[in-house]
Enquirer: 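If you scroll down you'll find the structure; I have some questions about it.
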Amino acid sequence: MQTIYDALDLLQLFVYVGLALVAFVQWRRRGGQAAGWLAATFGVLGAVVLFGRFLPMDTSSTLLQWVQKVELAVLVLFPYFLYRFMASFDYPPEWMNRAAVALTGVTVAFSLALPKIPQQGDPSRPALFELYIVVLLAQWVFLSVAVAVRLWRGGRGQPTVARRRMRTLSLGSIGLAIALVIAGSAPSSGDVTVLQVVVQILALTSAGLFLLGFAPPGIVRLAWRREEEKQLRDAELGLMEAVNPTEVAEVLLPHVSQLVGGRGSLLIDSDGQVMGSYGLEPREAKELAATLHTSGEGAPATGSTLSVPMRAGALAVQASAYTPFFGREETEMLQTLAVLAELALGRAELFGRERESREQLAEAQAIAKIGSWEWDLASGHLVWSDEMYRIYGLTPGEFEPTYDSVGQFSPEGRDSTHERVQAAIERDEPLDAEQRIVRPDGIEKVIYARGKVLRENGVAVKLIG
């Protein structure tokens, strides 16, 4: 049992010192209040574990007793710093803050005021030290439960990765508190017991949960992000089908909000006008758009508003306070969606211009009573403009024009027209024909047709006119 305990104790040393280093590196790279509190949290714990490793077993001297008391006082800061980390996202009620400060202050003062700290294996512990253990456990459990509950609740509505990171931190906090309660309530013994081994295992498990919470490995993030990846693919497919700015906003914005756990999202144009919004009241969307446009496209209006600049405006989402820390990679995925949105908006603009051109052409054809047509010689498919249908007195969708079906309206001039068509195809002559047609409503008209042959590699493929 002693061998197992020693091995676990050594492993615990490496794990918690490693957590402290990882947290410190994250803080140096990312900065921010939350990362700073996290670095302080695990820096304190790592330092206590590391320092305690080199503390002599016999701490009966006055100096070593004071060293041990200071070590305990520093350890008390771990749950408080973890509480401050949680509070940097969602400010707790005032009573909870006061209780956290009061309990921590009392426990630190009690740690330093202890007359003597019993050594491991002492047959009994003084009543004052037993009271101290109660105070220490009360402070640690209160803060750990507060952290666990608020992080767990805060994970509701968050993207999968952020939610699971927050809840593994919550479980890690509870696990370490349970380990401390078991260790504090266990009777003093000079020999290693099963209970002490269980405490070591709980502490190591909590360390693993903490690591998954604030620095999950890439393979774990990838497994957790499957749902968000599906949302991203759905957004991509939807944007490929969108043909106007309204459709782009309707497809894009719900996915944007879900991706980062946002309350609402917004798409604005280069003039700061709202092209579309999701989850926001019209007035709120308008005010946010004006603020973003005034402060510069892409600049966040508030600490919880994420914005990505675009050539055509900006994509913004009102994220939760947890998003910048727990949803960093999901935030980067907004860049991808913004690029896709720009492409979709560019395509929608081209569609709009093309539609406008078609409408102008149709209007011009209606005024001039000139229809246009295109005949695919390989398939026999004939495409008419709307004016062609009006000339023939037909309805689009109810009649499919083909060379043979159109010929029935001009039985007298069909042979002559056929000869001119063949001459155009075979000898590359321009098509120039005049013929009389009888419409389905009995009205007779004389139409004049002109056209030319389109060739590929010398082969006639189309006739347009």
Side-chain angles (χ1 to χ4, degrees), residues 23-24 26-27 29-45 76-108 138-177 209-210 213-215 257 259-265 279-281 284 287-288 291-292 295 299-307 316-328 330-331:
F24 178 77
Q26 277 200 347
W27 172 59
R29 287 180 177 176
R30 300 170 55 173
Q33 185 180 19
W37 280 115
L38 198 65
T41 300
F42 289 97
V44 161
L45 190 58
V76 166
L77 296 177
F78 170 81
Y80 180 73
F81 286 170
L82 189 61
Y83 175 85
R84 297 309 308 171
F85 164 74
M86 176 274 296
S88 65
F89 304 111
D90 183 18
Y91 198 74
E94 189 59 33
W95 70 266
M96 187 177 291
N97 284 326
R98 291 178 179 177
V101 172
L103 275 171
T104 303
V106 168
T107 310
V108 169
Q139 183 255 3
W140 198 294
V141 170
F142 172 79
L143 293 177
S144 296
V145 170
V147 169
V149 170
R150 294 185 71 85
L151 282 179
W152 191 277
R153 288 179 177 176
R156 295 173 183 170
Q158 296 298 315
T160 306
V161 175
R163 182 175 67 253
R164 292 185 178 178
R165 290 181 64 187
M166 293 168 68
R167 290 183 171 177
T168 51
L169 278 176
S170 176
L171 293 174
S173 178
I174 288 294
L176 201 57
L209 291 171
F210 282 131
F214 70 81
S257 295
L259 184 65
V260 298
R263 185 176 63 84
S265 50
L280 303 174
E281 295 294 332
E284 186 181 13
E287 291 176 352
L288 179 57
T291 305
L292 286 168
S295 59
T302 67
S304 60
T305 300
L306 303 174
S307 182
V317 56
Q318 282 204 333
S320 73
Y322 299 100
T323 301
F325 185 87
F326 290 104
R328 190 176 184 88
E330 285 68 28
T331 303

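Just so it is clear, the model here is predicted, and its values are computed rather than measured.
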Enquirer: Could you please spell out the steps behind the side chain to side chain contact (heavy atoms under 4.5 Å, CB included) verdict for D90 and R150?
Expert: CA-CA 8 Å; D90 183 18; R150 294 185 71 85; 3.0 Å; yes
Enquirer: Show the numbers, then the answer: is there a side chain to side chain contact (heavy atoms under 4.5 Å, CB included) between W152 and M166?
Expert: CA-CA 6 Å; W152 191 277; M166 293 168 68; over 6 Å; no
Enquirer: Looking at the rings of F42 and F81, which for Trp means the six-membered one, are their centres under 6.0 Å apart?
Expert: no
Enquirer: Does R30 reach the main-chain N or O of F325 with its side chain, forming a donor-acceptor pair under 3.5 Å?
Expert: yes
Enquirer: Over all heavy atoms of both residues, which pair between S320 and Q158 is shortest? Give the atoms and the distance, please.
Expert: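 Scanning both residues, the minimum pair turns out to be OG-NE2, 3.0 Å.
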Enquirer: Is there a donor-acceptor contact under 3.5 Å from the side chain of R263 to the main chain of Q318?
Expert: no
Enquirer: If you define the side chain from C-beta out and look only at heavy atoms, does anything of T168 sit under 4.5 Å from F210?
Expert: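 T168 does not reach F210 side chain to side chain.
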Enquirer: Mark yes or no for whether S173, through its side chain, and S170, through its backbone, hold a donor-acceptor pair below 3.5 Å.
Expert: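 Here the side-chain-to-backbone pair does not exist.
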Enquirer: Between Q26 and F214, is there a donor-acceptor pair closer than 3.5 Å when you use the side chain of the first and the backbone of the second?
Expert: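 It does hold such a pair.
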Enquirer: Ring centroids only, cut at 6.0 angstrom: are W140 and F78 within range, meaning strictly under it?
Expert: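 W140 vs F78: aromatic centres under 6.0 Å.
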Enquirer: So, do R164 and T160 sit near enough that their side-chain heavy atoms are less than 4.5 Å apart?
Expert: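 Yes. Closest side-chain heavy atoms under 4.5 Å.
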Enquirer: Relative to the ring of Y83, is the ring of Y80 parallel (under 30°), tilted (30 to 60°) or perpendicular (over 60°)?
Expert: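 Ring orientation, 0 to 90° scale: parallel.
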